[in-house]
Structures are given as structure tokens and as C-alpha cells.
Amino acid sequence: MSDVLLSIENLSKGFSSSGRRIAALDNVSLTIAAGETLGLVGASGSGKSTLSRVLLRLLAADTGAIGFEGEDWLALKGAALRRKRARMQMVFQDPLAAFNPLAAVDTVLDDPLRIHDVVPRDRRASEIAMLLERVGLPADYAFRPVRSLSGGQRQRVAIARAIATRPSLLVLDEAVSALDVTVRGRILELLVDLQREMGIACLFISHDLAVVRAVSHRIAVMDGGRIVETGPAASVVAAPQSDAARALVAAVPRLVTEPS
Ligand SMILES: Nc1ncnc2c1ncn2[C@@H]1O[C@H](COP(=O)(O)OP(=O)(O)OP(=O)(O)O)[C@@H](O)[C@H]1O
Ligand SMILES: [Mg+2]
């Protein structure tokens with residue numbers, strides 16, 4: 001694929017737990033092209049969240065390198081790192097854990113606009129209205145406390161906040177896993193629309209292959225800290241090559257029978 005946005009090279013991360021060493025990431029290499037959605041799937045404990053945390057620089061890798069928008073991402077520090085953080089944003093499983101539930105939606109959305117100086121102060125209110133429209137929420141939701149919203153609405157706010165800084169990459173770790181099936185489908189549709197309209201690349205992480213399949217161009221499969229398979233989404237689902245991918249396909253029977 002052309003235009004490599006993110007390149008992860010030989011990333012490793014170990015944890016010591018009750019005297020034992022766990023290789024949560026074992027020599028992981030991946031690339032994501034500009035505008036591409038890469039699905040990352042794997043059983044519980046395979047290392048998906050560790051990869052997202054290292055990528056977001058919430059956790060330091062033991063070894064390895066990450067190139068992002070042509071820069072050595074792991075070497076960035078201080079003001080340069082803060083500036084660049086605007087370009088890689090995260091959506092978590094639980095939006096209430098990610099922002100103050102007592103805050104009104106406009107405060108939640110104003111923070112990134114102000115911190116990253118996205119638009120001048122007098123244009124922030126109109127920018128917030130635009131962000132709400134973009135994620136399918138009525139403009140008057142700006143004044144509602146986040147905790148008064150439903151799970152799906154909160155996740156729309158989390159997505160609006162993530163796109164506020166005009167990132168080139170969104171990292172979504174189990175972002176729809178807590179939602180019921182109908183709401184989940186609508187949020188996945190929103191993500192696909194945003195991805196098409198804004199050309200944002202996504203690393204979409206889930207333990208659920210059906211969910212990953214619905215949004216991804218390519219799929220990478222993790223098992224025991226390693227990437228054991230990558231390929232076009234349709235091929236990984238139709239003809240899984242690794243034991244880990246076969247197990248994930250078998251766990252979703254409708255994937256096998258559903259024509260695509
Ligand atoms: N802070 C930590 N200390 C010790 N071990 C950890 C730590 N964080 C993760 N691990 C271990 O690293 C491995 C990978 O965990 P990780 O959370 O990345 O998996 P995951 O694929 O995201 O799983 P899930 O699907 O359940 O979210 C697991 O064995 C986990 O127990
Ligand atoms: Mg996880």
C-alpha cells in the first residue's frame with residue numbers, strides 16, 4: 001500500500017508478574033497506510049491493548065521503533081510530542097473513564113480545541129456544533145452533562161473529541177464492545193463514514209472478528225504477543241491461515257455462512 005502513515009518495527013514489551021516474565025508484545029511489526037483501517041483482533045491477553053498503549057505512548061516499549069507521519073515517534077519529546085499527539089487520538093471502551101462525567105458535552109469538546117489551539121477562541125462554539133453534527137448528535141446536546149447520555153451517545157462524544165484535533169490516525173480499543181448490538185452497528189457505520197469523509201486511518205482493536213470485519217480494510221491477528229497473520233479483511237475471514245485466526249472465525253458462526 002502507498003503512503004505509509006504508521007510503521008511499527010520489531011516492537012517488544014515484557015511484564016514481570018509473580019516472578020514470571022510475560023512477553024506481551026513479541027517482535028511486533030505492522031504498517032498502516034494513510035486513510036486505511038487496520039483491524040487488530042486476537043484472544044483476550046494476546047497483547048492488543050498493550051500495543052495500543054505503547055503506540056499512544058502511555059507505556060514505554062522495551063525495544064523497537066515506531067515511525068508516524070515520517071517522524072521517529074518514540075523519540076519525540078516535550079513540545080514536539082505534545083504537538084504531534086494531536087495527530088494520533090484514542091477512543092476507549094469506556095468514555096466515562098476518559099472524561100469527567102459531570103462535565104457538559106461542550107466542555108469535553110472544548111478541551112482538545114483549546115489545548116491544541118485548533119481554532120481561535122471565538123470559533124470554538126461553531127467548531128463544537130460542527131463536531132456534534134459530524135457524529136450525528138443534535139446541537140443542543142452541547143449543554144447536556146455527559147452522564148445524562150446513553151452509552152452510544154457517549155461514544156459519539158468520545159469520537160467527536162478524538163476527531164476534534166484533526167488526527168490522521170485514530171486508535172480504537174474495544175470502542176464498541178460495551179454497546180448493545182443495534183447501537184454498536186450505528187457507531188460502526190459512523191466510523192466508516194468518518195473514515196471515508198475525512199480520510200482518517202484507524203487501528204481498530206477488538207476481540208470480536210465480526211466487528212473488526214465490518215470496518216477494516218486489512219486485518220492483523222495477534223496471538224501470544226505476536227502478529228501471526230495479516231491480510232485483506234475478506235481473505236482473513238474466508239481463508240484464515242493461522243490457528244488463532246481459525247479459532248476466531250469459528251467463534252462467529254455467521255461469518256462462515258454469511259455471503260459478503
Ligand atoms: N501492567 C501489566 N502488568 C503485568 N502484566 C500485564 C500488564 N498489562 C498487561 N499485562 C499482560 O500482558 C498480556 C497482554 O495483555 P493485553 O491487555 O495487552 O491483552 P489484550 O489482547 O488487550 O486482552 P483483552 O482482549 O482481554 O483486552 C496479558 O498476559 C496481560 O496479563
Ligand atoms: Mg485489551
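As a basis for the values below, the full set of heavy atoms in this structure was taken, side chains included, without hydrogen atoms, waters or symmetry mates. Values in this document were obtained by computation on a predicted structure and should not be read as measured data. Numbering of ligands and ligand atoms starts at 1, following listing order.
- Residue Arg147 qualifies as open at atom CZ: its count of foreign heavy atoms under 6.0 Å is 12 or below.
- For Glu9 (side chain) and Ser7 (main-chain N/O), no donor-acceptor pair under 3.5 Å exists by modelled atom type.
- No continuous path of hydrophobic side-chain contacts links Met130 to Met198 [ILVMFWY only; heavy atoms under 4.5 Å].
- Remark: Glu133 CD is loosely packed, at most 12 non-hydrogen atoms of other residues, nucleotides or ligands lying under 6.0 Å away.
- Within a 4.0 Å radius of atom 14 (C) of ligand 1, the protein contributes one or more non-hydrogen atoms.
- With Glu197 contributing its side chain and Leu194 its backbone, the two residues share no donor-acceptor pair below 3.5 Å.
- For atom 21 (O) of ligand 1, the closest non-hydrogen atom of the protein is Lys48 NZ, 2.8 Å.
- Nearest to atom 26 (O) of ligand 1 among the protein's heavy atoms is Ser44 OG, 2.6 Å.
- Hydrophobic clustering, with ILVMFWY side chains joined whenever heavy atoms are under 4.5 angstrom apart, groups Leu58 together with Val171.
- The backbone N or O of Asp26 lies less than 3.5 Å from no partner atom in the side chain of Ser12, so there is not a single donor-acceptor pair.
- The side-chain contact (heavy atoms from CB on, under 4.5 Å) test applied to Ser148 returns Arg144, Pro145, not counting sequence neighbours.
- Here's the thing with His207: none of its N/O atoms is less than 3.5 angstrom from an N/O atom of ligand 1.
- Nearest protein neighbour of atom 27 (O) of ligand 1, counting heavy atoms only, is Ser49 OG, 3.9 Å.
- Applying the 4.0 Å criterion to heavy atoms of Ser46 picks out, from ligand 1, the atoms 19 (O), 21 (O).
- Between Arg21 and Asp62 there is a salt bridge, since at least one side-chain N of the basic residue sits less than 4.0 Å from a carboxylate O of the acidic one.
- Atom CZ of Arg186 is surrounded by 12 or fewer heavy atoms from other residues, nucleotides or ligands within 6.0 Å.
- At a threshold of 4.0 Å, the pair Arg166-Glu127 counts as salt-bridged, since one of the basic side-chain nitrogens sits closer than that to a carboxylate oxygen.
- Protein heavy atom in closest approach to atom 16 (P) of ligand 1: Thr50 OG1, 3.6 Å.
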Mind listing the side-chain donor-acceptor pairs of residues 110-122 below 3.5 Å, one per line with the distance, residues two or more places apart or on another chain?
from: Asp111; atom 1: OD1; to: Arg114; atom 2: NH2; distance (Å): 2.7

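- Side-chain contact, Ser49 with Asp173: a donor N or O sits under 3.5 Å from an acceptor N or O.
- Protein heavy atom at the shortest distance from atom 31 (O) of ligand 1 is Ile22 CD1, 4.7 Å.
- Nearest protein heavy-atom contact of atom 23 (O) of ligand 1 is Gly45 N, 2.8 Å.
- Close N/O approach between Gly47 and ligand 1 is found [any backbone or side-chain N/O within under 3.5 Å].
- Residue contact annotation: Ser16 has no non-hydrogen atom under 4.0 Å from ligand 1.
- Of the polar atoms of Ser17, none of the N or O atoms is found under 3.5 Å from an N or O of ligand 1, judged by distance alone.
- A search for side-chain contact (heavy atoms from CB on, under 4.5 Å) contacts involving Arg82 returns Ala79, not counting sequence neighbours.
- Protein-derived N/O/S atoms nearer than 2.8 Å to the Mg ion (ligand 2) total 1, waters excluded.
- Under the 4.0 Å distance rule, the nearest protein heavy atom to atom 10 (N) of ligand 1 falls inside the cut-off.
- Protein heavy atom closest to atom 12 (O) of ligand 1, with residue, atom name and distance, is Ala24 CB, 3.5 Å.
- The ligand atoms of ligand 1 that sit less than 4.0 angstrom from a heavy atom of Ala43 are 21 (O).
- At the top of the distance list for atom 1 (N) of ligand 1, counting protein heavy atoms only, stands Phe15 CE2, 3.6 Å.
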